[in-house]
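A quick write-up on the structure given underneath.
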Amino acid sequence: SQQGEEDPQALSIQEGENATMNCSYKTSINNLQWYRQNSGRGLVHLILIRSNEREKHSGRLRVTLDTSKKSSSLLITASRAADTASYFCATDPGGSYIPTFGRGTSLIVHP
Amino acid sequence: KAGVTQTPRYLIKTRGQQVTLSCSPISGHRSVSWYQQTPGQGLQFLFEYFSETQRNKGNFPGRFSGRQFSNSRSEMNVSTLELGDSALYLCASSSGLTTGSEQFFGPGTRLTVL
């Protein structure tokens with residue numbers, strides 16, 4: 001079973017709108033990461049948030065982490081067609097060196 | 001720095017054959033991980049090599065194996081291919097020195113088993 005699960009599975013929005021996707025996980029973590037994957041390609045690291053952090057920003061990305069609820073959210077503001085991709089959260093259950101990935105949220109941004 | 005490279009990019013094999021995929025990590029990275037990605041199962045961890053030793057292993061049958069060389073390059077081998085092995089195989093490298101390290105992914109090898 002997956003450690004992290006993204007929600008929703010799919011999201012379709014218009015350019016300029018904000019996109020929010022969520023990730024829930026099961027066991028305690030040291031950090032949580034978000035990755036993006038364009039169709040059929042490798043994943044690209046977006047942002048890492050540590051367990052003692054509550055919010056982090058990077059450009060148009062905002063990530064929050066609530067360890068009490070074992071959940072994280074990724075907000076993309078003012079979305080662009082180029083943001084169309086799948087987004088994955090990854091956690092390090094039990095302090096693993098290797099992050100465990102969820103199934104991803106497929107985001108489509110219509111121009 | 002050059003990114004992670006994977007060869008070949010595309011492969012077509014038939015059932016019963018074996019295949020070897022190659023991954024060259026980012027210079028200086030000692031950890032190489034392999035993932036299998038399919039529409040049905042998502043991104044599944046195969047194994048991780050760190051300084052030529054397998055440090056972590058996922059839940060895959062023994063037909064899936066790998067190794068890492070002294071220059072950190074890694075190969076993954078799948079023997080006795082099955083139709084279900086058709087997938088995108090992704091390699092990722094990292095420093096491997098801290099937990100949950102940022103992974104740098106290659107473009108993947110698309111394997112089709114007929």
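Remember, predicted model here, so these are calculated numbers, not experimental data. Naming convention: chains lettered A, B, ... in sequence-line order (proteins, then strands); numbering from 1 in each chain.
The environment of R41(A) atom CZ is sparse: at most 12 non-hydrogen atoms of other residues, nucleotides or ligands sit within 6.0 angstrom. Residue-environment remark: CD (Q9(A)) stays at or below the threshold of 12 foreign heavy atoms within 6.0 Å. Surrounding CZ of R54(A) are more than 12 heavy atoms belonging to other residues, nucleotides or ligands, all under 6.0 Å away. Atom CG of N59(B) sits in a sparse spot, with 12 or fewer heavy atoms from other residues, nucleotides or ligands closer than 6.0 Å. By the 6.0 Å contact criterion, CZ on R80(A) is open, its count of non-hydrogen atoms from other residues, nucleotides or ligands being 12 or less.
Heavy atoms closer than 4.5 Å to chain A are found in the side chain of Y35(B), but not in its backbone. Contacts between Q37(B) and chain A at a heavy-atom distance below 4.5 Å involve the side chain alone, from C-beta outward.
One N or O on the side chain of Y35(A) and one on the backbone of Q103(B) form a donor-acceptor pair closer than 3.5 Å. Here the side chain of R103(A) pairs a donor or acceptor atom with the backbone of G40(B) at under 3.5 angstrom.
Closest approach of L43(A) and F105(B) over heavy atoms only: O-CB, 3.3 Å.
For the pair L88(B)/Q37(A), a side-chain contact is recorded, criterion being any heavy-atom separation below 4.5 Å from C-beta on.
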